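In this text the structure is predicted, and so the values were computed from the model without any measurement. Whatever order the structure lists ligands and atoms in, that order sets their numbers, starting from 1.
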Amino acid sequence: WRPRPAHPFPPGPKGVPFLGSVFEVPTELLWVKLVEWYKEYGPIYSYTVLGQRVVVISGLREAGDILDRMSAKTSDRSRLIKVHDYLTRGKELGLLPRNDVWRAHRRAAHESFNSRAAQDYHLVQEEESRVLVKDLLNHPGANADDHIFRFSTSIAWRASFGHELIPLEGPDPSLPLQEIFKAIFTGFIPGNSIVDLFPFLNPIIARSKFIRRSAPLPTPLQSVRDCHCQTRRQVLRRCHCLFRQVFFRSSGESITRRTDTSITATQVDGTMAALRWFLVAMILYPEAALAAREQLDRVLGDRPPTFADYEELPQIEALVKELLRWRPPTPAGLVHMASEDIIYDGFLIPKGAVLMPNAWSLCRDPSVYPAGEAFDPSGFLDDNGNLRRPPLDTHDDYPVFGHGRRICVGRALAKNSLWISIACVLWAFDIEKGVDEHGVEVTPDPLDFIDHGVTVWPKSFPVKLVPRYPDLADRLKPEPA
Ligand code: HEM
């Protein structure tokens, strides 16, 4: 028996006794349901799944109040047993509870990826973007998704482990990661695993080798980790990467052993999703591509962009912001957990409640982003064509990277990867509709989503990239020093 709380829980769907909303919460495209409920219950609502209260936050002001300003009480993570205990064996930074181990990992990752440190990866990102353009030029038959995958994993691999560039055709040490990402991210969705729905089963599962063997991950995860361990010592001394930072400046080997694939998984998936949506947006909204291209041509003439051009190309940053707003790669956000009881707007958010920032709705908060469903980067620019001052609670107009003490630690690196690759592709190509195997032109459907667990991608579609310069390959060669 528990005393009736003095404050009510946030309103929301009632579900059925004991089970709550377990039958209403989908295991795929979760945010679609969250948006539907937002329209019915408002920016703060809650539901339960098997006794677990989930509070969904869909307004920027509310997210700022609860997840940023009350971060000391709202930056824990609920324990996802399947992913944390079995798939990643307690080595996923993003899943660690708010304890000293998490703080040490977070510090190490921050040292390596804060906005100043992220500049150390500029050369890698510029090189990778030129390789992306070159590959798109030389392999027009290959699926654009393959190029985007190569680009995203290669940067992640180099930034995290100091690896060499991963070629489009050739040995790719990151391949096992694809399988790992899918399994990890699927496990992130609340209610997606039996052991998380019925935690009392955990002791039985923990003792049963037979049941645990059905978890798909340990072998590839182990092999990827072993690969880092072998190459790490040789490459670390001559590269700039997260592991070097951690290995030589922080608490050493114990942390590197623990951090491994988690950081790579997050960055690859988010960047990949965003670049796929970029191609969709450029085909459906050619006027946005045109505005950015005019600025590129005016500032650069016919040479490819570099980070030195950053200040003079606000159109590109506006485009990146709009891309992440229009199609947030993680539309249901990543959940936090309340570590204390909180009273907010007269409602009780109880200790242990799962806090879910509904990124899809946050990115469409009408008080700040009136463009809603349309793709319009000009909303981020003032009358003089400069970036507008970001409104309160938007994290520089990037609400997509999360909140409070859990805010994405690699956001500077991610933004830079998107900025330089988008600038290079727009400078190099006209992006047009491709044709299917019957020669029929295909218009990508912006509402055809592929659920990849935490991230959501557009369904694969053909795209035609028309080089804007006959001597594009020559123009990509680095200038002689
Ligand atoms: C477009 C690309 C990316 C997107 C959309 C994205 C988004 C996110 C989001 C929504 C979170 C959860 C924040 C929260 O709990 O409030 C997160 C956490 C995290 N991100 Fe990213 N991210 C991206 C790229 C990256 C990159 C490039 C890195 C690493 C270099 C990275 C590393 C992490 C880590 C380690 C966490 C967990 C932080 C913690 O729990 O303390 N992410 N990211």
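In this structure, Arg53 satisfies the cation-pi test against Phe9, with its NZ or CZ atom closer than 6.0 Å to the six-membered ring centre and inside 45 degrees of the ring normal.
A salt bridge links Arg388 with Asp397: the closest approach of a Lys/Arg side-chain nitrogen to an acidic carboxylate oxygen falls below 4.0 angstrom. Using a cut-off of 4.0 Å between Lys/Arg side-chain N and Asp/Glu carboxylate O, Asp393 and Arg69 are scored as salt-bridged. Here Arg130 does not pair with Glu127 in a salt bridge; the nearest charged N to carboxylate O distance is not below 4.0 Å. Ion pair Glu128/Arg150 flagged as a salt bridge, since at least one NZ, NE, NH1 or NH2 atom sits closer than 4.0 Å to an Asp/Glu carboxylate oxygen. The existence of a salt bridge linking Asp145 and Arg276 is confirmed by a sub-4.0 Å separation between a basic side-chain nitrogen and an acidic carboxylate oxygen. Between Glu111 and Arg116 there is no salt bridge, since none of the side-chain N atoms of the basic residue sits less than 4.0 Å from a carboxylate O of the acidic one.
Below 4.0 Å from some heavy atom of Gly410 lie the following atoms of ligand 1, by number and element: 26 (C), 27 (C), 28 (C), 29 (C), 30 (C), 31 (C), 32 (C). Interface of Leu413 with ligand 1, defined as ligand atoms under 4.0 Å from a residue heavy atom, comprises 30 (C). Contact atoms of ligand 1 toward Gly94: 37 (C), 40 (O) (distance under 4.0 Å to a heavy atom of the residue). For ligand 1 and Thr330, the ligand atoms under 4.0 Å from any heavy atom of the residue are 10 (C).
An N or O contact shorter than 3.5 Å links Arg406 to ligand 1 by distance. Checked against a 3.5 angstrom limit, the closest N/O atoms of Thr271 and ligand 1 fall outside it.
At least one heavy atom of Arg77 lies less than 4.0 angstrom from ligand 1.
Contacts between Trp102 and ligand 1 below 4.0 angstrom, taking non-hydrogen atoms only, involve the side chain exclusively. At a 4.0 Å heavy-atom cut-off, ligand 1 does not touch Arg411 at all. The parts of Cys408 lying near ligand 1 are both backbone and side chain, judged by heavy-atom distances below 4.0 Å.
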Requested in this report: Before giving the answer on side chain to side chain donor-acceptor pair (under 3.5 Å), spell out for His336 and Asp76 the whole-Å C-alpha distance, their side-chain angles and the decisive distance to 0.1 Å.
Outcome: CA-CA 6 Å; His336 292 212; Asp76 215 342; over 6 Å; no
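In this comparison of Leu96, Leu334, Val320, Val409, the heavy atom closest to atom 11 (C) of ligand 1 sits on Leu334.
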